[in-house]
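One structure below.
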Amino acid sequence: MSSNIAKFRISGGVPLNGEVRISGAKNAALPILLAAILTSDKMVLSNVPDLADVKTSLRLLEELGKSCVYDSESGIAVIEGPVTSKTASYELVKTMRASIMALGPLTAYLGEAEVSLPGGCAIGARPVDLHIRGLEAMGAEIELVDGYIHAVARGGRLKGGDFVMDKVSVTGTENLMMAAVLCEGTTVIHNAALEPEVVDLAKCLKAMGAHIQGEGTPKITISGVRELHGCDHSVVADRIETGTYLVAGAATHGYVKCTATDPALLSSVISKLREANVLVEEGEDFISADTRNRTIRPVDIVTAPHPGFPTDMQAQFTVLNALADGISSVTETIFENRFMHIAELIRMGAHLEIKGNTVICSGVPELHGAQVMSSDLRASASLVIAGLAARGTTVVDRIYHMDRGYEHIESKIRSLGGTIERFY
Ligand code: EPZ
C-alpha cells in the first residue's frame with residue numbers, strides 16, 4: 001500500500017567498498033546560518049549541506065526578514081539584509097529544535113526576541129533552561145507567554161556577564177556565544193561545550209569581527225562589539241556523517257574511505273573502531289576503515305561530551321557490537337531516551353538487552369532483513385547500517401528523520417556499492 005511517507009528498501013549482505021565525500025556538518029551549519037541574524041551585511045557560506053534542517057533554517061531567516069539564496073549543487077548560501085521581525089514561530093520551531101538558537105542573536109541584534117519554546121523530542125525532554133538563564137545573566141528579561149520565550153534586553157542592549165553552564169550544552173554554548181558578541185562589556189562562559197561545531201561557529205563569528213577567546217576549551221571569553229560585518233565561511237566537515245559511513249563499512253566487512261573530512265574531529269570514534277579490530281588509516285583530509293576478512297571485536301562504549309565518544313554515534317556503533325564476536329556494553333549518558341533503535345535491531349536478529357541506560361550486546365554472526373521503523377535521526381542511520389549488513393531485504397520506514405541529517409544518502413550508499421532505493 002503506498003503512502004506519502006518515504007521509506008528505504010535495502011538489499012543487504014554485500015560488503016561496501018569505495019570512497020564517499022563527506023558533507024559540511026549539520027550541527028555547525030545550523031548555528032552559523034542563524035549567526036547571520038547578527039549583521040545586515042552579506043554572508044557567503046560554503047560547504048552548506050543540502051538537508052531538511054538547513055532548508056528550515058533558511059526559511060526561518062526569511063521569516064525574520066533576511067534574503068537567502070541557497071544553491072544545493074554548490075552548497076553555497078548567500079544571506080543578507082537586516083532582520084525586521086523578532087519572532088520565530090511555533091510552526092517553524094516545532095519542526096526544528098535548533099531554532100532555539102535564534103533567541104540569542106535576535107535579543108543581541110534587535111534588543112528583543114519572541115521564540116517558541118521547542119517541544120520535547122523522541123530522544124528526551126531537551127530543556128532549554130541553560131539558554132534562558134544564560135541570557136538573564138547578560139541582562140535579558142525573560143517571560144514565558146503562551147509557549148513563547150519573550151526576551152528583552154534591559155536598556156536596549158545586553159550586558160556582558162559571567163555564566164557557569166550547570167551541564168555541558170552544545171547549542172546552549174552556541175546560543176550564548178551569539179548573544180555575547182554584541183554585548184556591552186565582556187562575557188565569560190564557564191563549562192562551555194568543546195564540540196568542533198562550537199569552534200567552527202566561533203571561527204565564523206571572528207570572521208564577522210567578534211572578539212572571542214577560548215573556544216574549544218571549557219572557558220570562552222567574549223568582548224562585545226557594537227556591530228558585526230559580513231564574511232565568507234566554509235562549514236567544517238560532518239564528523240558524525242564520517243563516523244556513520246566508517247561504521248557502515250565496518251559492519252558490512254567492507255572498505256570505506258571518507259574524503260573531505262578531518263580525522264581530528266572524531267578521534268574517539270577512530271580509537272573505538274581500532275579497538276573493534278577495524279584497520280583505520282588517517283590522512284590530512286581522509287579516513288579509511290578496512291574490515292575485509294577481519295573479525296569484529298566487541299567494544300564497550302560510554303557516551304560523553306566532546307572529546308568523549310559522541311552520543312550521536314551511539315546507535316550506529318551498537319550495530320557493530322551486535323555483529324561482534326563477543327559481549328559488549330553501550331552506555332548513553334547524555335539523553336534519557338536514546339535506545340529506540342534497540343527494539344528494531346532485535347527484530348533483525350540482534351541479541352541486545354537494555355539495562356537502565358546501558359545496552360548489553362551479545363554479538364551474532366549475522367542479522368536478517370525486516371521491516372523496521374525510524375524514530376529519530378541517528379536511530380534511522382543505525383537501521384540503514386543494519387539493513388546494509390543484514391542478509392535479505394530491509395524496509396526502513398519514516399526516513400524523513402534521516403533526511404534531516406544525511407545529505408544525498410542513496411547516492412552516497414550506491415557509490416559504495418550498497419543497494420538502496422527510496423519509495424513511498
Ligand atoms: C546538540 O544538541 C546536537 N544538536 C545534538 O545532535 C547532540 O546530540 C547534542 O548536542 C549532544 O552532543 C545540534 O547541535 C543542533 P545539549 P543540544 O544541549 O545542544 C541537557 C543530532 O543527532 N540540557 O548539548 O540540544 C540536555 O537535556 C542531534 O544531530 C539541559 O538540561 O544538546 C542533555 O541531557 C541530536 N538544559 C544535555 O544537556 C539546557 O538548557 C546535553 O544537551 C540544555 C541542555
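Counting starts at 1 for both ligands and their atoms, in listed order. On a predicted model such as this, the values are computed, not experimentally measured, just so you know.
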Selected option - heavy-atom contact closest to [atom], from [options]:
| atom | options | answer |
| --- | --- | --- |
| atom 38 (O) of ligand 1 | Arg97, Lys167, Met101, Arg126 | Lys167 |
| atom 23 (N) of ligand 1 | Ala315, Ala98, Pro127 | Pro127 |
| atom 3 (C) of ligand 1 | Thr303, Val170, Ile240, Asn27 | Asn27 |

Once you restrict to heavy atoms under 4.0 Å, what part of [X] touches ligand 1? Side chain, backbone, both or neither.
| X | value |
| --- | --- |
| Leu130 | both |
| Thr311 | side chain |
| Lys26 | side chain |
| Ile334 | both |
| Asp312 | side chain |
| Arg338 | side chain |

Residue-ligand contact Gly405/ligand 1, heavy atom below 4.0 Å: no

Test item, Val168 contacting ligand 1 (heavy atom, 4.0 angstrom): yes

Starting from [atom], locate the nearest protein heavy atom and write down its residue, its atom name and how far away it is, to 0.1 Å.
| atom | value |
| --- | --- |
| atom 19 (O) of ligand 1 | Thr171 OG1, 2.6 Å |
| atom 18 (O) of ligand 1 | Ser169 OG, 2.7 Å |
| atom 36 (N) of ligand 1 | Asp129 OD1, 2.7 Å |
| atom 22 (O) of ligand 1 | Arg378 NE, 2.9 Å |

[X]: numbered ligand 1 atoms lying under 4.0 Å from its heavy atoms:
| X | result |
| --- | --- |
| Phe335 | 8 (O), 9 (C), 32 (O), 33 (C) |
| Leu377 | 21 (C), 22 (O), 29 (O) |
| His131 | 40 (O) |

Drop me the distance from Glu63's CD to Cys68's SG, to the nearest 0.5 angstrom. 11.5 Å

N-O pairing of [X] and [Y] below 4.0 Å:
| X | Y | result |
| --- | --- | --- |
| Lys355 | Glu353 | yes |
| Lys412 | Glu241 | yes |
| Arg21 | Glu407 | no |
| Arg422 | Asp403 | yes |
| Arg133 | Asp166 | yes |
| Arg347 | Glu344 | yes |
| Lys203 | Glu215 | no |
| Lys55 | Asp50 | yes |
| Lys86 | Glu114 | yes |

Between His233 and Asp200, a side-chain donor and acceptor under 3.5 Å: yes

Looking at Thr333, Thr303, Thr311, which hits side chain to side chain donor-acceptor pair (under 3.5 Å) with Arg338? Thr311

Distance-only N or O hit between ligand 1 and Glu336, under 3.5 Å: no

